[in-house]
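The structure presented is a predicted model; accordingly, all values stated were derived computationally and were not measured.
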2 protein chains.
Amino acid sequence: MADYDVFVADCPARSALDVIADTWSVVVVYALGEGPRRYSDLRERIGGISKKMLTQTLRKLERRGVVERRSLATAPKGVEYRLTNLGRSLLEPVSVLARWAEEHAEELAGDPPD
Amino acid sequence: MADYDVFVADCPARSALDVIADTWSVVVVYALGEGPRRYSDLRERIGGISKKMLTQTLRKLERRGVVERRSLATAPKGVEYRLTNLGRSLLEPVSVLARWAEEHAEELAGDPPD
DNA sequence: CAGTATCCTATCGGATACTG
DNA sequence: CAGTATCCGATAGGATACTG
């Protein structure tokens with residue numbers, strides 16, 4: 001019936017999750033989906049993220065080739081982040097996930113954190 | 001352009017991830033996508049999962065309403081797990097994730113674990 | 001057969017303070 | 001402005017041993 005296998009190492013859904021499963025990655029990708037943003041604007045746009053976690057998340061997404069960092073020479077100077085092509089291609093799967101959660105919000109509502 | 005917001009608590013993609021982001025959940029859901037399975041068969045089918053993690057993952061998915069547990073009276077006795085309707089509805093978003101990872105396998109190949 | 005119970009390490013992520 | 005550095009508590013998850 002199914003022609004995929006279910007060993008973790010080979011499970012492709014798991015490789016996708018390696019990119020986006022942590023607390024902040026999808027949120028950052030969402031935020032950058034609107035267009036390039038400076039570090040400080042990102043922090044404002046995203047509620048409650050510490051500088052540590054924002055930097056850490058951006059660095060990881062950079063290594064994965066999902067975002068790109070570039071320094072701005074224009075005043076006021078700063079740093080801008082944007083999605084790469086790979087990053088933009090992530091928006092669709094993430095939105096499918098989001099739609100699923102919205103459609104099943106009630107079923108998911110009642111359960112304890114973990 | 002985008003009309004979603006990006007605060008974690010409200011980010012629907014994050015609620016979906018709360019269900020599937022851990023190491024084994026998607027793998028278990030995949031495996032159960034083939035049909036009901038007994039505990040021991042699941043463990044065989046899934047490579048390298050400990051009893052502890054299998055049980056823990058199944059319990060969590062049960063609480064989330066994604067899988068259902070039922071005892072088998074027939075010999076040999078045992079326990080069977082199956083996807084609920086909610087669980088089956090998860091197969092699509094997960095496979096979208098999987099397809100994304102497969103399509104971008106090379107881009108993702110080169111990077112360090114974290 | 002289908003779990004518990006323990007122990008142990010590694011990483012996650014928040015808080016705070018400091019820097020070029 | 002865009003980070004580092006440090007400390008800390010709370011999970012995540014592997015290994016092993018025991019149980020009804």
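- A:K60 places a side-chain heavy atom less than 4.5 Å from the side chain of A:D22.
- The listed nucleotides are D:dA2, C:dA2, C:dG13; the one nearest the side chain of B:Y39 is C:dA2.
- In this structure a side-chain-to-backbone donor-acceptor pair under 3.5 Å is missing from B:T55 to B:K52.
- Protein atom CG of A:D22 is 17 Å distant from nucleotide atom C1' of D:dG13, rounded to whole Å.
- Spacing between atom CG of B:D18 and atom P of D:dA12 amounts to 11 Å, rounded to whole angstrom units.
- For the pair B:R70 and C:dA2, the criterion of a side-chain N or O lying under 4.0 Å from OP1 or OP2 is not met.
- Rounded to whole angstrom, the span from the CG atom of A:L72 across to the C1' atom of D:dA2 amounts to 12 Å.
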Canonical and wobble pairing (Watson-Crick, G-U, under 3.5 Å) of DNA chain C, dot-bracket with | = ||||||||||||||||||||

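- Between A:R59 and A:Q56, every side-chain heavy-atom pair lies at or beyond the 4.5 Å cut-off.
- With D:dT4, C:dC1, D:dC1 as the choices, the nucleotide that has an atom nearest any side-chain atom of A:R59 turns out to be D:dT4.
- Taken together through direct or relayed side-chain contacts under 4.5 Å among Ile, Leu, Val, Met, Phe, Trp and Tyr, B:I20 and B:L58 form part of one hydrophobic cluster.
- Residue A:L58 contributes atom CG, which lies 16 Å from atom P of D:dC1 at whole-angstrom precision.
- The distance between atom CG of B:L54 and atom P of C:dC1, rounded to the nearest whole Å, is 13 Å.
- One can place CZ of B:R69 at 5 Å from P of C:dG3, the figure rounded to the nearest angstrom.
- Neither OP1 nor OP2 of C:dC1 sits under 4.0 Å from any side-chain N or O of B:R38.
- For A:L42 and D:dG3, the CG to P distance is 10 Å, given to the nearest whole Å.
- Residue contacts for A:R43: at a heavy-atom cut-off of 4.0 Å it reaches no nucleic acid atom on any strand shown.
- Separating the CD atom of B:Q56 from the P atom of C:dT4 is a distance of 11 Å, rounded to the nearest angstrom.
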Produce the list of close N/O pairs, under 3.5 Å, pairing protein atoms with atoms of nucleotides 14-18 of chain D; give distances to one decimal.
residue	atom	partner	partner atom	Å
D:dG14	OP2	B:W24	NE1	3.3
D:dG14	N7	B:K52	NZ	3.3
D:dG14	O6	B:K52	NZ	2.2

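- Side-chain N/O atoms of B:T55 include none lying less than 4.0 angstrom from OP1 or OP2 on C:dG3.
- The backbone N or O of A:I49 lies less than 3.5 Å from a partner atom in the side chain of A:R43, making a donor-acceptor pair.
- Criterion: ILVMFWY side-chain heavy atoms under 4.5 Å apart, direct or through other members. Under it, B:Y81 and B:V29 are part of a common hydrophobic cluster.
- Residues B:L108 and A:D18 form no side-chain contact, since every pair of their non-hydrogen atoms from C-beta on lies 4.5 Å or further apart.
- We find that A:E102 and A:R99 are not joined by a salt bridge, their nearest charged nitrogen and carboxylate oxygen being 4.0 Å or further apart.
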